[in-house]
Protein chains: 2
Amino acid sequence: MATIKDVAAEAGVSVATVSRVLNGKGYVHEETLMRVREAIEKLNYSPNEVARSLFKRESKLVGLLLPDITNPFFPELARGVEDELQKQGFRLLFGNSDEDPEKEKAYIDTFLQNQVVGLISATQAFSQLNDERPAIPTVLLDRTHEGSYTVYADGIEGGRIVARELVNRGSHNITVLKGPGHIQPVQDRFLGAVEVLASSNVNFQVIQMASLTYEEAEQRAKELFSQYPDTDGIFASNDITAAAVLHEALRIGKSIPDDVQIIGFDDIPMSRLLFPALSTIRQPVYEMGQQAAQLLLKLIKKEQVIEQNIQLPVSFIERNTTRKVKRNG
Amino acid sequence: MATIKDVAAEAGVSVATVSRVLNGKGYVHEETLMRVREAIEKLNYSPNEVARSLFKRESKLVGLLLPDITNPFFPELARGVEDELQKQGFRLLFGNSDEDPEKEKAYIDTFLQNQVVGLISATQAFSQLNDERPAIPTVLLDRTHEGSYTVYADGIEGGRIVARELVNRGSHNITVLKGPGHIQPVQDRFLGAVEVLASSNVNFQVIQMASLTYEEAEQRAKELFSQYPDTDGIFASNDITAAAVLHEALRIGKSIPDDVQIIGFDDIPMSRLLFPALSTIRQPVYEMGQQAAQLLLKLIKKEQVIEQNIQLPVSFIERNTTRKVKRNG
DNA sequence: AAGCTATGTGTAATCGGTTACACATGAAAG
DNA sequence: CTTTCATGTGTAACCGATTACACATAGCTT
């Protein structure tokens, strides 16, 4: 690899001059400029970003921390972040933490050691790092935390919508599969749903889940149908859970949506491919990633940010696990 | 952030000594060691990886290039790679290229500028960079290229299995949705399937697709059923395509698998959740990622590698889009 | 007693950039 | 004719680590 010295020698100038043309700052004679450009071309030179980072004390890297890219909710998020950062020449250092605080810390440490200019985290553990938060711009994504910059979808409203739709479409006996309480956005969905259910004229019960994995959901779904056989409406907290519930319902011979309506949350790509296609709440995931990246970019450039917390709207996606609503009575 | 100088001052030694304890090489007096450790602890010091990289001329970073993490095939791959590298303290610089040579080049350039020690690429464009291949250890993943280190699944055998299963389970009129020919592993599946079909006593026809996206597949599926209404077996080239075909088949009232059998390829997570659950060829995706990482690690450490090309076996996953095979006639 | 070797530590060069500062030149201003 | 300023370029310090090399000390060997 050619260095700036090689280019300087080739062009017959000093390294300072080469650096000037590289960065387009300071005076450089037109002719010198040409010579340097030719030398760069000839040697196929491109500057060493590491040396640059060292001097500047910041890189063109951003750290992205996710719980698990394998969870179908996250690839779109990551893509939104990446597409937005990439435009500005930033690159992504990326890690899956599995919500394990140890791993989390290890990643953050090495990210910082690599002098990332910013951090985006969609992990719960991260948002709980009260003390010792990294001193660089940080945006929480799909998580919230007092005093942090955050981008998230309106989970409360999402939960309300689910409850309303279930009720409006005729469910009277609703079971909510409640996700782990320590995950804020999941908690919000639950709260929103309960708020509406409590003020509606329906029965409802809650089954607490320790995780939102397919495996646990399969188990809970069995319990659900044996414990509450009269359930005619289910809020599944996320689409993966909903998929498991849907499968179990079909397996035991329920007719969907006639016997039981099911609504998920997230609108991950597979939801439309389920059978029956899953009615769900759509979060604008890709856009959330983009917004987080844009917010981070502003923080990095120390531009003024108007909103510290960006909340994006959710919407109901009607598919075939809910009944058609009757119009005009 | 504290630097090595701060630590040296705190411990009353020179930076060289601190460096020695950091790297555990060279002589350090027991007592000095203690003092330095305490200073490190006290200042909460951790070495600047950028400065290290500059001097050593290599980082602890590996570049990972994917076509699109949003394609459900890739998250597992990425996870396999990451988990394996993470164990050895390597971090991932990651980019989606959309198979766009421009983007591809931009990513590779910046990866190199950041002095990554190795590269893993699952993109087609990359494997076609004949000249000007980066001079650092590189492993192609799910792609092949003469003279490169590669990790991939046995697509030919996978294609054969599909054809055999379709035929053995009673299809006589088979349509193959052939993926784009320039993607080697996709081509292999096709070749394997044709090899078996040609020597079997069945009719078959081929529909060429320009991509393997859901959108195109929806379109082609319509053509398929109108052009070849007698089709009773479909090889869909990947699971996403299979999902589209399956939906279209159900939409026009075909009974699956009685009227038409469908087999996909990849066994992405959604496949088991489709209805009917999709019979497919499973690639050991996570393991492929791991193997690629392990191979790369060996190349980086200049250990001897026995196989330049690692081919992993595929297997048939029987679910409900294929008919049960009759045993003992 | 002189010479070796093992141990322990510091000085300074180095990696490849950026930039403060000094200096030179020529044109314009007074 | 001196002063001033814009333009153009080079020298060298610096970012934060690593490491070659020099040097010092102490214990062994012969």
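Here is the naming used below: chain letters follow the sequence lines, and residue numbers restart at 1 for every chain. This is a predicted model, so every value here is computed, not measured.
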Between A/Arg37 and A/Glu41, is the closest basic N to carboxylate O distance under 4.0 Å?
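A/Arg37 and A/Glu41: not salt-bridged.
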Taking the basic N atoms (NZ, or NE/NH1/NH2) and the acidic carboxylate oxygens, is any pair closer than 4.0 Å for B/Arg79 and B/Glu76?
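No, no charged N to carboxylate O under 4.0 Å.
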Qualifying residue, where the test is side chain to side chain contact (heavy atoms under 4.5 Å, CB included) with B/Val21 and the options are B/Thr32, B/Leu33, B/Val7, B/Val13
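Going through B/Thr32, B/Leu33, B/Val7, B/Val13 one by one, the side chain to side chain contact (heavy atoms under 4.5 Å, CB included) with B/Val21 is satisfied by B/Leu33 alone.
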Determine, for nucleotides 7-20 of chain C in 5'-to-3' order, which nucleotides have protein heavy atoms under 4.0 Å from the base (write B), from only the sugar-phosphate (write S), or from neither (write -).
BBBBB--BBBBBB-
Where along nucleotides 23-28 of chain D does protein come under 4.0 Å, by heavy atom, of base (B) or sugar-phosphate alone (S), with - for untouched nucleotides?
------
Might you point out which heavy atoms bring B/Arg91 and A/Ala106 nearest each other, and give the distance in Å?
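Scanning both residues, the minimum pair turns out to be NH1-O, 3.5 Å.
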Side-chain (B/Glu82) to main-chain (A/Asn96) donor-acceptor, under 3.5 angstrom:
yes
Is a donor on one side and an acceptor on the other found under 3.5 Å between the side chain of A/Asp100 and the backbone of A/Glu102?
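Here the side-chain-to-backbone pair exists.
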Set out, in order, the CA-CA distance, both residues' side-chain angles and the distance that settles side-chain contact (heavy atoms from CB on, under 4.5 Å) for B/Thr70 and A/Tyr286, then state yes or no.
CA-CA 10 Å; B/Thr70 265; A/Tyr286 183 81; over 6 Å; no
